[in-house]
Amino acid sequence: MEGLLTLWHDTGIYHFEWKQLVMMAVGALLLYLAIVRKFEPLLLLPIGFGAILANIPNAGFTDEGGILYYIYHIGIETGVFPLLIFMGVGAMTDFGALIANPKMLFLGAAAQFGIFATLFGAIMLNVIPGFEFSLQDASAIAIIGGADGPTAIFLASKLAPHLLGAIAVAAYSYMALVPLIQPPIMRALTSEKERAIQMEQLRPVSKREKILFPLLVLFACILLLPAATPLVGMFCLGNLMRESGVVERLSNAAQNEIINAVTIFLGLAVGSKLSAKYFLTLETLGILVLGAVAFAIGTASGVLMAKLMSRMSGGKINPLLGAAGVSAVPMAARVVNKVGLEANPQNFLLMHAMGPNVAGVLGSAVAAGVLLALVG
Amino acid sequence: MDITELLLEAGNLMLVGMISVFLFLGLLVIVVQQMAKLCPVESAPVAAKKPAAKPQPATLNPKLIAAITSAVQQYRDNK
């Protein structure tokens, strides 16, 4: 009888607390979104599964010695995983469209306003009792507006590790929701005529320019903003491997094997942060709301900047391109293309939108560097 | 009072952050534009290759054609 009781005390059923059950349900919801709705499945699937594992009572996945603890410790606390992902993204990125039309960098810069406006908003939330965001917390939350998962995780792991789970989930969920969030804002801020503007074909870009570009970006970063060099440096390394053409094997490894393996562990480690203690708080709700606001403001400021540039260029730039200034590669560019086609069936903006899109990646990395330098 | 201080700091961050992002990417715009002037597009080698490839069919030697024809004929006759 005694033995039976001990066994009973060791079962999951005996130890379950309602909070753990809720978190497992959150994990299951993420799995559902990934598998059935196909929302960023590459990340939401491991995150969802990690959330379920992390909330199993008595299994000790996230205690010292548990596998999720070590994955988090090695990969995220050190900042290694997001940086490896950035290298892979660099190896997958073609800067051709941006080099052909460098002014698009301004759109990538304008869209970062979403980040800094949200920083302000997060501090404002402190007025409501129950919220206590420090400047570090606010910065980590605001970076969701950069629409760049690895950057958000990198910054959160440095500035506000206790909010990392909620921030990562918000960042990836909103990236999946780009096709729903952006079009209404884009339509509201532009006229039918502006959306129908067709753009001139981009000039061809030489191989030499493509090789020099990552080196120039790195050089500028070294001189002006060393705090951003971890992100920008890994990104440029990946891109140089791609464009140099002499290390095709390394470039392939960076954009396939390495990034795939790291994605699994990154997802699991983020999921391990979805424990009841840190996630079932009022702050998470605030983060979800702020993330959506950040996204919306980033899109709007990008579109407004593009409108300004369109006026100044005498109507040669389609203002929709501004929406691609938030990174979310290549989803935001596809959305721009789709909305452009609705206004004018001859209007193919995809290639043009890739310019501001990759500029947005650089922009959010720079913004992260600025925040790290000023707040970290 | 604490919040006003934080808000001031957040506003300051917003200003400094946006200015530095714009300055950094603005500098890149100038650098990339300069780079484009220094790097001519490599359309020249492509243009040079094409005319060299075209004349080939025209210069097919009539003697060569005759030689091949006779060789084929001889081969067929041997059968």
Side-chain angles (χ1 to χ4, degrees), chain A residues 95 98-113 115-124 126-127 133-135 138-139 142 203-213 216-217 219-221 223-225 228 232 301 305 359 362-364 366-367 369-371 373-375, chain B residues 1-65 67-69 71-72:
Chain A
F95 277 114
L98 186 62
I99 298 171
N101 193 0
K103 286 207 179 92
M104 291 295 133
L105 277 163
F106 285 123
L107 297 180
Q112 308 313 319
F113 184 64
I115 293 178
F116 294 102
T118 308
L119 177 69
F120 204 73
I123 296 292
M124 287 279 264
N126 281 346
V127 177
F133 290 130
S134 67
L135 215 51
S139 310
R203 74 171 173 89
V205 171
S206 69
K207 195 179 168 205
R208 192 183 298 171
E209 282 174 282
K210 285 190 173 179
I211 294 176
L212 283 175
F213 184 78
L216 285 175
V217 174
F219 189 61
C221 208
L223 289 184
L224 297 176
L225 197 62
V232 174
S301 56
M305 182 73 187
L362 282 179
S364 51
V366 172
V370 172
L371 289 174
L374 293 179
V375 184
Chain B
M1 182 213 114
D2 204 19
I3 279 186
T4 11
E5 222 169 88
L6 273 175
L7 274 181
L8 265 178
E9 211 163 330
N12 194 22
L13 261 180
M14 184 157 84
L15 208 67
V16 174
M18 277 318 281
I19 289 175
S20 45
V21 168
F22 262 98
L23 275 184
F24 188 89
L25 294 183
L27 179 87
L28 268 187
V29 172
I30 297 169
V31 169
V32 171
Q33 278 171 346
Q34 291 308 310
M35 180 176 77
K37 280 182 196 159
L38 295 175
C39 298
V41 179
E42 326 132 324
S43 53
V46 180
K49 260 183 197 169
K50 269 187 184 164
K54 266 190 182 169
Q56 261 185 354
T59 52
L60 242 188
N61 201 333
K63 277 186 187 168
L64 194 70
I65 296 174
I68 293 171
T69 327
V72 169

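So you know, we letter chains A, B, ... as the sequences are listed, proteins then strands, and number each from 1.
- Of the two parts of A/Ala100, neither the backbone nor the side chain holds a non-hydrogen atom closer than 4.5 Å to a non-hydrogen atom of chain B.
- To the nearest 0.5 Å, atoms CD (A/Gln112) and CE (B/Met14) are separated by 14.5 Å.
- Heavy atoms only, all atoms of each residue included: B/Phe22 and A/Met305 are closest at CE2-CE, 3.9 Å.
- B/Asn12 CG to A/Leu135 CG: the interatomic distance, rounded to the nearest 0.5 Å, is 10.0 Å.
- Here the closest non-hydrogen pair linking B/Val29 and A/Pro102 is CG2-O, 3.4 Å.
- The minimum heavy-atom distance linking A/Arg203 with B/Ala36 is given by the pair NH2-CB, 3.4 Å.
- Contacts between B/Leu13 and chain A at a heavy-atom distance below 4.5 Å involve backbone atoms as well as side-chain atoms.
- Going from atom CG of B/Leu7 over to atom CZ of A/Phe120 covers 5.0 Å, rounded to the nearest 0.5 Å.
- For A/Ile99, the parts lying under 4.5 angstrom from a heavy atom of chain B are both the backbone and the side chain.
- Taking 4.5 Å as the limit, every side-chain heavy atom of A/Leu212 sits out of range of all side-chain heavy atoms of B/Leu38.
- Heavy atoms of A/Met104 lying under 4.5 Å from chain B are absent altogether.
- Chain B forms the most heavy-atom pairs under 4.5 Å with one residue out of A/Ala110, A/Ala117, A/Gly108, and that residue is A/Ala110.
- From A/Phe219, atom CZ reaches atom CG of B/Leu28 across 12.0 Å, with rounding to the nearest 0.5 Å.
- Taking all atoms of both residues into account, the shortest heavy-atom contact from B/Phe24 to A/Leu224 is CD1-CD1, 4.0 Å.
- Scanning all heavy atoms of the two residues, the minimum distance from A/Val370 to B/Ser20 falls at CG2-OG, 3.4 Å.
- A/Arg208 places none of its side-chain heavy atoms less than 4.5 Å from the side chain of B/Met35.
- Crowding of A/Phe113 atom CZ: a count of heavy atoms from other residues, nucleotides or ligands under 6.0 Å not exceeding 12.
- Between A/Leu362 and B/Leu25, the closest heavy-atom pair is CB-CD2, 4.4 Å.
- Only the side chain of A/Val375 has a heavy atom closer than 4.5 Å to any heavy atom of chain B.
- Using a 4.5 Å cut-off between heavy atoms, A/Ala138 does not touch chain B at all.
- Note that the CD atom of B/Glu5 and the CD1 atom of A/Ile123 stand 11.5 Å from one another [nearest 0.5 Å].
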